[in-house]
Trainee: 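Would you mind keeping the following structure in view while I ask a few things?
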Amino acid sequence: MTDPVDPVKLDRLAEVAVRVGLNLQPGQDLILTAPVSALPLVRRIAEHAYRAGAGLVTPILSDDAVTLARYRHGQDIGFDHAAGWLFDGMARAYDQGAARLAVAGGDPMLLSAEDPEKVARANKAMALAYTPARERITRFATNWTIVAWPDLAWAKLVSPDLDDDAAQKRLAEAIFAASRVDAADPVAAWAAHNATLNHRSAWLDGQNFAALHFTGPGTDLTVGLAEGHKWLAGATEAQNGITCNPNIPTEEVFTTPHRLRVEGTVCATKPLSHQGTLIEDIAVRFEGGRIVEARASKGEAVLKKVLDTDEGARRLGEVALVPQASPIAQSGLLFYNTLFDENAASHIALGQCYATCFHGGEKMDAGEIARRGGNASAIHIDWMIGSGQIDIDGVTQDGARVPVMRQGAWA
Ligand code: ZN
Ligand code: ZN
């Protein structure tokens, strides 16, 4: 029986993670988090990191069975508690120059049958304790990246009809294609991909559109863009001067909408997987930037709870363009994982905006971001509104229309 995870492509994925994702520098330490199921990838990454001159690679592993043991047998008092000491230590390591690599994987539905109140408490405690580390990552204090491992439980969710090996092989091949490690020289393939993405974001920046207009079946949506918005894509220069690719894969070109200037109706083109619930056929109407009507054929109660999280949860924090030609869209799979699904179709995100999506955003405080139309919320949830049937026009500052996408392809 051959390995369902091709060892040659796995090694290339590790090389891409270190050389493209992180652009790890000689002498730089690395903090690597991963599920234990991803050990084959973790070991390849460690080897590539040391060959690239890494100082010290510190792996921090999690395990789905250990997590479940907590929910089944843990003391109630423990659910308001998180390993703050660990995240404080990570923050200190970033301040001292360490890079950060996260391996995504594990069962996306792991906690779907557990007590939602305990899940919410644990998530809240974790979010709070993680703040110092997350704050450094979101402002790119250091170079960081995320890559994916084809975990078996995840693979079975994506392909429930296949046996274990066939399901894992299918997910592994989809991850490899999306991560552009099918090519013999994936580092060169990524350089070409980054150049294409930069070309798109530079063109959109040059247009400085006032709004984007989406039309298609069930969709007639005008998304106003924030003042001084900046389009981002692909590689990012971190504050330590190192250019990294924070997401492997990445296909999106994205920016900040104006939280008060979104009007019209929009239908989701893919189901949204949110904390173990699948929300299907979302249709919403915006007025003055705010969702005033929301429906879903499945999971509507969960959707409404999400929208009631806080004032900013009904407004947009991101708009992103992804062509149907992207390898992830072409796979036709629903991954139940934002890293992949948000790179399969144009999308919008409810909630928090990115300060990095403003020109000069690194020097802006929350008040300045809000004045320019940036949204604030405790959530950031991407959902897909693009497909091969959607057209997008840019609306210039003086009201002229410029074709941006036709039938899901760049115009
Ligand atoms: Zn996005
Ligand atoms: Zn997003």
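We use all heavy atoms of the structure for the numbers below, so side chains are in, but hydrogens, waters and symmetry mates are not. For ligands, and for the atoms within them, numbers begin at 1 and follow the listed sequence. It should be emphasised that the depicted structure is a prediction, and the values quoted were computed from it without experimental measurement.
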Trainee: Hey, what's the ring geometry for Tyr354 with His380, parallel, tilted or perpendicular (30° and 60° as the breaks)?
Mentor: tilted

Trainee: Just one of Ile379, Ile291, Val284 clears the side chain to side chain contact (heavy atoms under 4.5 Å, CB included) bar with Leu307, so which one?
Mentor: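 Answer to the side chain to side chain contact (heavy atoms under 4.5 Å, CB included) test with Leu307 among Ile379, Ile291, Val284: Ile291.
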
Trainee: Evaluate the criterion side-chain contact (heavy atoms from CB on, under 4.5 Å) for residue pair Trp149 and Leu10; output intermediate values, then yes/no.
Mentor: CA-CA 9 Å; Trp149 162 255; Leu10 187 69; 3.8 Å; yes

Trainee: Against the six-membered ring of Phe79, is Arg70 placed for a cation-pi contact (under 6.0 Å from the centre, within 45° of the normal)?
Mentor: yes

Trainee: Find, among atoms of Glu252 that are N, O or S, the one nearest to the Zn ion (ligand 1), and state its name.
Mentor: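 Answer by atom name: OE1.
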
Trainee: Restricting to distances shorter than 2.8 Å, give the number of protein N, O or S atoms close to the Zn ion (ligand 2).
Mentor: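 Count of protein N, O, S atoms less than 2.8 Å from the Zn ion (ligand 2): 4.
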
Trainee: Carefully, step by step, assess Leu111 and Thr67 under the rule side-chain contact (heavy atoms from CB on, under 4.5 Å).
Mentor: CA-CA 9 Å; Leu111 300 179; Thr67 303; 4.3 Å; yes

Trainee: Going by side chain to side chain donor-acceptor pair (under 3.5 Å), name the pairs with one or both residues in residues 245-254, residues two or more places apart or in two chains.
Mentor: Arg180-Glu251, Asn194-Asn245, Glu252-His347

